[in-house]
Structure formats: structure tokens, C-alpha cells
Amino acid sequence: MEWLPYCVGLGVDEMRQLSEIISAVLWDALTEMGDENPDGTLKNLASPRHSHQGDLALPCFALAKIMGRAPNDIAADLAERVASQLTSMDGCSEVGSEGGFCNFYVDVEWLAEQVVSQTIDKPESVGHFRSPSSLLIEHTSANPNGPFHVGRSRNAILGDTIVRMHRLAGDNVRAEYYVDDMGKQVGILAWALDNLDEAKVSEILGAEDMDEVLTHPEKQDHQRVRYYQAANLLKADDPAVEIGVTKLVQASEEADADVLDKFEAAYQPVLDGMLETLDRIGITFDSFTKESRFIVDGSVEVIMEKLGASDLHGTAENGAHYLELESRGVAGKSTKFFFRRGDGSSLYATRDIAYHQWKWQEAERLVNILGEDHRLQSKQVGIALDELGIKNPEVVFYAFTKLPEGKMSTRRGNVVFMDDLLDEAAARATAIVTEMRDDLSAEQISEIGEAVGVSAVRYNIIRVSPEKGINFRWEEALSFESDSAPFIMYSHARACSINRKLTTQGHDVGALIDGAQQYGDWSNLSDSAGELVKRIATFGEELNGAIDSHRPNLLCTYLLSLATEYNRFYRDNHVLVEGEVNSRNLALSEAARILLKAGCESLGIVAIEQM
RNA sequence: GGGCGCGUGGCCCAGCUGGAUAAGGCGGCGGCCUCCUAAGCCGCAGAUCGCGGGUUCAAAUCCUGCCGCGUCCGCCA
């Protein structure tokens, strides 16, 4: 059997390859049997739920009406027609039929050989299952007005994981942070730093029982958020605050250089503190783009003029401009999308349009990570982009993380700061390692504790699908048990431990695996070894699915199952038996190790070598 | 009031481009360390897939009505 063209040089997804082989043979048989749309039928070729039903199965029910025969009959006939051809080729060991399905069983020996050679000989191409493209993924982009809290972190962790998954697939990705450097939030912060002092801040916060002891007094984001909170409280009673802030914000919207500088001086230390937190969980950015840029370069003004020529354009009594979106499927109290105020200035969303126009010069694909509160806004911007003949970005929405007391809010102080969560996670993990490993130095233990804590926090946020809300509970956020990052890390560490042990004993792991491959006997694999091989073989398919649907939680589920299969394999397939090396088991262990590591890295889990 | 999203065992959650007996985890009960890390492995109990209609050979999955939760409906960001 020849390799299919898409495999060449791109790394292989073994199960998908097998599926294509089987499809090709089935196509001919189905046509012979009178199926006029074999492609449609073959779309339903999929892996069954239970292993005794084979590794791939084709439902034949839809054919019953066309052929005037019972599904069972058709499945049996089809199986008979393709059995000898398929089983004489590589990949398929058995064909059967049951209950209206045609079932195909993978040749595990063949698959084991494929999996080992593809993974171990070309580890650099793991995950590279298609030709790469360039993407600009914008995520986080939080207002720099205070420390990162757990609610905001979902955006960052989702976005960064999507970035990482694309990188594993070989894409050229740029992670971008859009800095809101001219809005009301930053305006309030700047005003507060100018007009309040420590004593006043303490007084205001104290009156509302919000004057808490700082958990991270050394960080500017933790220090300055108090000024932000105090100014927000003061604003309710003292109109001077609103007036002062509005004056600043208006100046910033006119690109007043002094005010923009003042704003930057106010938020940059806060942003630095936030980035320090993100860096701790492995999140970094390739570029930062400031919102004010699009005012300064005049592109917002041009956009507003162009939108004025749209069929949807309208003008309010005071001269404000909008697009009427009712005809474009927008419903609600107001279907108007305002893009220019009565005083001629732009709005946040208008600048966002200019930002998108600019982003399209930077990459072939754009992905935005947005909270579900931005759904309407995003739709409005999308329609405006349509009007301007600019492509829409791909958008990933996520639901909020709530505390038992309700929605998180920096302004109201109802938050769990990421810094505190990470400290607690690392402390708990360190305590566990200390108890279990008396052979490690304090430094090693704290490194492991940090890796475990940080990974667990990331995983517990990424494991649930983006559109579902999360109710934050400390015990769940800090879970280290089965459905968790440490579980996966532990499997990886076990594989590393085997490799390390052999190397320490003077074995040449690479040579041993070469030997196993040359010998090429993969017969009589144990059940658990066979299951591990099958799981490994779907890595590419699973990664692909997670990327295409923008759902990192799918990769979590897969990686968890890979770790589970590895643990079962580990249980009854030893590499070292009484001083002798079983090089076949070693090869499988190494293949799993490589994929566990790649998978961990693409989820932002730190793949440590021992724990 | 309207738009959008979500609703799966006591708890968390996967599956939702329709396919065979709804996958895991926590908690509960019972087993497994003379053997490469027990953060592991094995077994048992536990589910009217929010409720009612509809489409289909086939519905957790698609359509529709209702209920509950979230979110938005600013010339804010």
C-alpha cells in the first residue's frame, strides 16, 4: 500500500490514514451495490463506542431504502465484498458485520510499527498533519487596571492554549495583546493616581470594608488597583471625579500626547504586574498593539467616513452616526450600532474596526478570544466589517467564571487574584511532593511544586468547554486527582523515569529502539499495549479536532485518555525485567512519552521529568 | 420584553456536523505495592441526557414550545 499524498512530509495520523484506505475500497464496493452517493455514505465511517465493534464502523441503515434490503443484509454483503481485499492489505486485520454496521478491525501489529516509526523517527513532525498557515491570535487584552483575577484568566488560558495547539500543528502564530490605553478604565486609574494619596485611598476603601492587606505588596498591579477601586467608590458621591475623568478620556480620544503619556505612566506598571503573573503560567505575547494607535494614524477617521457611505448609515438628532442593523438580523431594544458620537469622536468599537483592518495585514487568519458579554458587540463589528468589505475574524467566546458570591469584579473587590490562587496551588503541591519524596533537594521539590500547581490551575480552567460557565471553587481549581494535569504529568514522569533508568545503567535507548524496529516483530502485543498503540494513533486526529473547533478541552480529554492508557500499559508491560531490556516495550513507552510531552506543552502543562 | 448561550447520575464534566449498550472524574463501597514512582491500577453501586411536542430507519445530538441559569440590548470600555 502506498502512502497517501497528504502524509508526505507532514507527519502522519495513522488512524485517519487507515480510514482513507478503507474508504477507497468501500467506495468501489458501494458503487457496485448500487449506492449512488458513496461519498455521503462514507462520511459516516467512524470509530464505534465499544471495542468489540471494531476500530472503524460504517452504518448501513440509510442504504436500506435505496437498495430495498435489510441493513443487516447490506452490511454483511458489504463486509463479504471487501474482506479479502482489505485483509490482504496493510492495516486492516478483520472485517465483520453486526446489527446493520460493517465493522473493521485495525491490524495492531501494523499500527504499532507505524506509530513507533512515525513518532520516534520524526518527533519534530508530531502534530504536523496539514500545511501550516499564519495566524494572529488576540487574547487577554484585559484593561490594565488591576491584578489578574481568575475570571479574566479564562481568556488568557484559552487563548494561550489555542496558540500553543496551533504551534504544535506547525502554524506560524503571533500572540497579540490589544492594550486599551485610552478608555475610561485607564482614565479612572490615572485620575486616581493624580488626585488621591495612600491615606485617602485607605480611608475610602476602609469605609466599604475593602481595605484588605495586600497579598503581593511588591507588585504594582496590587498596589494601584486600590487607587482604582477607591476612585470608583468616590465617583458615586463626588461629581468632580466623573468630570475629571471625562476630561482626561476626551483628551485621550483626541490623541492628546500628554494625556496618553500620563495614561501610559499610570497603566504600564500595572500591565507589567499582570504580565508577570501570566508569565508564571507560561503565557507570553509576541506583540502589543495600543488602541490609541488607530486614532493617531488617522485610520479610525477614514473608517468613520467610509461607514457614512453605507446603505445602513443613519444620523441621530445631535449628529451622532450609526448603522441600522435590523435588516442584518440584529434584534433587541436598540438595533443601532453607533460608531461616531455627536461630538464627532469615535467609540471603542469603531477603533476595533480599524484594528481588524490593520490585523488582516499581519496574518492569513485572525482569531479573537472574547467573553460572552462581547457577543453582540462582535456581531456589530462583524457587520461593519462586511460593509467595508473586510473579512470577519474567527471568534471564540467563553462564559464567565463566577464566585459563589456572584460575578467577579475588580471594581467591587469581589475577586480571587490569580497570584493568590497560584501561590496556594504551588504550596499545596509542594506539600504533597515533600511528603512523597524524601530523596529530593528542597530546590527540586519547590520546582516540582510550582510546575504541578501552575499546570493544575491551567488544566482545571481549560478542561471545561468554553461556552459553559465555571463556578469557581477552591477545591476544584486546586484538584490534583485523576481528571487533572498532575495525572497526565505523572504518566509522563513515569515514562521519563524508565528512560532515565536505562540511560543511567549505560544503555543506549536510541539503539535499543532501532533494534526493536529492525527486528520488526510486533506480534502478540498485550491488550493494554494494543490499546495504547490505538490511542497513540489518533493523536493527530484529536489535535486537529481541537484546533478546528477552537476547543482545547477536547485535547484535555484525549490527553487524559492517553495518560490512562499509558498507566495501564505501564502496569503489565515492563521495560526492565530482571536486568533485561524489552526493547519493544521501550519503543512504545518512548512513543507515548514523546506524545505526552507534546500534548502537555500544547496545553501549557509543564512536562517535568520527575515528580 | 427581545436577542444570544447553557441545562447530562448526589457533585464536576465529555459526547451535540444524528448512528449500536451515554465516556470520564469527585464522593461512596470493595480489592491491588517482595515487581521500572500507589499523584497509579482493578471491580461494584449510581443517568426518565431540564420538561412537552415534532422530523427520522435511528435523537443527548436537528426543529419547535415551555421552564431554569447566564449574558447582552450605553452617543461606556
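Being a predicted model, the structure only gives us computed values, none of them experimental. Protein chains get the first letters and strands the later ones, always in sequence-line order, with residue 1 at the start of each. Keep in mind that the numbers below use all heavy atoms, side chains included, and drop hydrogens, waters and symmetry copies.
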Item to check | Nearest-Å distance once atom C1' is located in both B:C41 and B:G52 | outcome: 45 Å
Next on the checklist: Using whole Å, what does the distance between atom P of nucleotide B:C57 and atom CD1 of A:I66 come to?
Outcome noted: 12 Å
Next on the checklist: Roughly how many Å apart are B:G53 and B:G15, using the C1' atom of each and rounding to a whole number?
Outcome noted: 25 Å
Next on the checklist: Whether the A:D483 and A:Y459 side chains hold a donor-acceptor pair (N or O, under 3.5 Å, no angle test) is what I'd like checked.
Outcome noted: yes
Checklist entry - When the C1' atoms of B:G18 and B:C63 are considered, how many whole Å apart are they? => result 13 Å
Item to check | Euclidean distance, atom CG of residue A:D373 to atom P of B:C72 [Å, nearest integer] | outcome: 6 Å
Next on the checklist: Whether A:S465 contacts B:A14 is assessed here as follows: a side-chain N or O lying under 4.0 Å from the phosphate OP1 or OP2. Is that the case?
Outcome noted: yes
Item to check | RNA chain B stem ranges, 3 or more consecutive Watson-Crick or G-U pairs under 3.5 angstrom | outcome: B:1-7 with B:67-73, B:10-12 with B:24-26, B:28-32 with B:40-44, B:50-54 with B:62-66
Checklist entry - Hey, is the side chain of A:N145 pairing donor to acceptor with the base of B:A77 inside 3.5 Å? => result no
Checklist entry - When the distance from CZ of A:F487 to C1' of B:A38 is rounded to whole Å, what number comes out? => result 12 Å
Checklist entry - A:N471 CG to B:G7 C1': how many Å, rounded? => result 13 Å
Checklist entry - Can you find an N or O donor on one side and an acceptor on the other, under 3.5 Å apart, linking the side chain of A:H374 with the base of B:U71? => result no
Next on the checklist: So, does A:R494 get its side chain near the phosphate of B:A38, meaning an N or O under 4.0 Å from OP1 or OP2?
Outcome noted: yes
Checklist entry - Between A:N44 and B:A58, is there a side-chain N or O to OP1/OP2 distance below 4.0 Å? => result no
Item to check | NZ/NE/NH1/NH2 to OD/OE distance under 4.0 Å, A:E424 and A:R428 | outcome: yes
Checklist outcome for this item: Rounded to whole Å, the CD-P distance (A:E98 to B:G19) equals 18 Å
Checklist outcome for this item: Which of B:G25, B:A77, B:G19 is nearest the side chain of A:D483? It is B:G25
Checklist entry - Given B:G7, is OP1 or OP2 found less than 4.0 Å from the side-chain N or O atoms of A:K468? => result yes
Checklist entry - On a whole-Å scale, what distance lies between the C1' atoms belonging to B:G28 and B:C35? => result 31 Å
Next on the checklist: Below the 4.0 Å mark, does B:A77 have OP1 or OP2 next to a side-chain nitrogen or oxygen of A:R341?
Outcome noted: yes
Next on the checklist: Check this for me, if you would: do A:K336 and A:E324 make a salt bridge, where the nitrogen-to-carboxylate-oxygen distance has to be below 4.0 angstrom?
Outcome noted: yes
Item to check | A:E609 atom CD, neighbour heavy-atom count above 12 within 6.0 Å | outcome: no
Item to check | Per A:K407 side chain, nearest of listed nucleotides B:C72, B:A20, B:A14 | outcome: B:C72
Item to check | Closest to side chain of A:P48, choosing from B:A39, B:A20, B:G3 | outcome: B:A20
Checklist entry - Can you tell me how far P of B:C11 sits from CD1 of A:I470, to the nearest Å? => result 18 Å
Next on the checklist: How many whole angstroms separate atom CE of A:M408 from atom P of B:U71?
Outcome noted: 13 Å
Next on the checklist: Applying the 5.5 Å / 30° rule, does A:H574 stack onto the base of B:C35?
Outcome noted: no
Item to check | B:U64 versus B:G25 - spacing of their C1' atoms, nearest Å | outcome: 35 Å
Item to check | Verify stack between A:F400 ring and B:G70 base, 5.5 Å, 30 degrees | outcome: no
Next on the checklist: By nearest atom, which of the nucleotides B:G5, B:G19, B:A14 is closest to the A:E467 side chain?
Outcome noted: B:G5
Next on the checklist: Please pick, from B:G25, B:C75, B:A39, the nucleotide with the shortest atom-to-atom distance to any side-chain atom of A:A316.
Outcome noted: B:C75
Item to check | A:F338-B:G74 aromatic stacking (under 5.5 Å, under 30°) | outcome: no
Next on the checklist: Looking at A:N567, I'd like to know whether one of its side-chain N or O atoms comes within less than 4.0 Å of OP1 or OP2 on B:C41.
Outcome noted: yes
Next on the checklist: I want to verify the glycosidic state of B:C33; is it syn or anti under the 90° rule?
Outcome noted: syn
Checklist entry - Do A:Y322 and A:F339 have ring centres separated by under 6.0 Å? => result no
Checklist entry - Which one, B:C42, B:C4, B:U21, comes nearest to the side chain of A:Q53? => result B:U21
Item to check | Closest to the A:F480 side chain, choosing from B:A77, B:A39, B:C75 | outcome: B:A39
Checklist outcome for this item: Picking from B:A77, B:C26, B:C75, the nucleotide nearest the side-chain atoms of A:E481 would be B:C26
Checklist entry - Is the distance from OP1 or OP2 of B:C26 to the nearest side-chain N or O of A:S482 less than 4.0 Å? => result yes
Item to check | Aromatic centroids of A:Y177 and A:F288 separated by under 6.0 Å | outcome: yes
Checklist entry - Between B:A39 atom C1' and A:M611 atom CE, what is the distance in whole Å? => result 5 Å
Checklist entry - Are a donor atom and an acceptor atom from the side chains of A:T161 and A:R458 found within less than 3.5 Å of each other? => result yes
Checklist entry - Quick one: which of B:G70, B:C75, B:A20 gets closest to the side chain of A:K402? => result B:G70
Item to check | Sole candidate of A:E253, A:R293, A:H356 that passes side-chain contact (heavy atoms from CB on, under 4.5 Å) when paired with A:R351 | outcome: A:E253
Next on the checklist: Between B:C36 and B:C69, how many Å separate the two C1' atoms, rounded to a whole number?
Outcome noted: 50 Å
Checklist entry - Taking atom types as modelled, is there a side-chain donor on A:Y398 or A:N155 under 3.5 Å from an acceptor on the other? => result yes
Next on the checklist: Would you say A:R351 places a side-chain N or O within less than 4.0 Å of OP1 or OP2 belonging to B:A77?
Outcome noted: yes
Item to check | Side-chain N or O of A:R49 closer than 4.0 Å to phosphate OP1/OP2 of B:A20 | outcome: yes
Checklist entry - In whole Å, what separates the P atom of B:G43 from that of B:C26? => result 14 Å
Next on the checklist: Give me the distance, rounded to whole Å, that separates B:C16 from B:C72 when you measure between the P atoms they each carry.
Outcome noted: 28 Å
Checklist outcome for this item: With the side chain defined as heavy atoms from C-beta on, A:A331 is closest, among B:G15, B:G2, B:A77, to B:G2
Next on the checklist: Could you walk me through whether A:R340 and A:E301 satisfy the salt bridge (charged side-chain N to carboxylate O under 4.0 Å, His left out) test, starting with their C-alpha distance in whole Å, then the side-chain angles of each, then the deciding distance to 0.1 Å, before giving a yes or no?
Outcome noted: CA-CA 9 Å; A:R340 192 199 282 273; A:E301 186 54 40; 3.1 Å; yes
Next on the checklist: Looking at B:C42, I'd like to know if its phosphate oxygens (OP1 or OP2) sit under 4.0 Å from a side-chain N or O belonging to A:R568.
Outcome noted: yes
Checklist entry - Just by distance, with hydrogens left out, do A:Y570 and A:S528 show a side-chain donor and acceptor under 3.5 Å apart? => result no
Next on the checklist: Does B:C57 have OP1 or OP2 under 4.0 Å away from a side-chain N or O of A:K65?
Outcome noted: yes
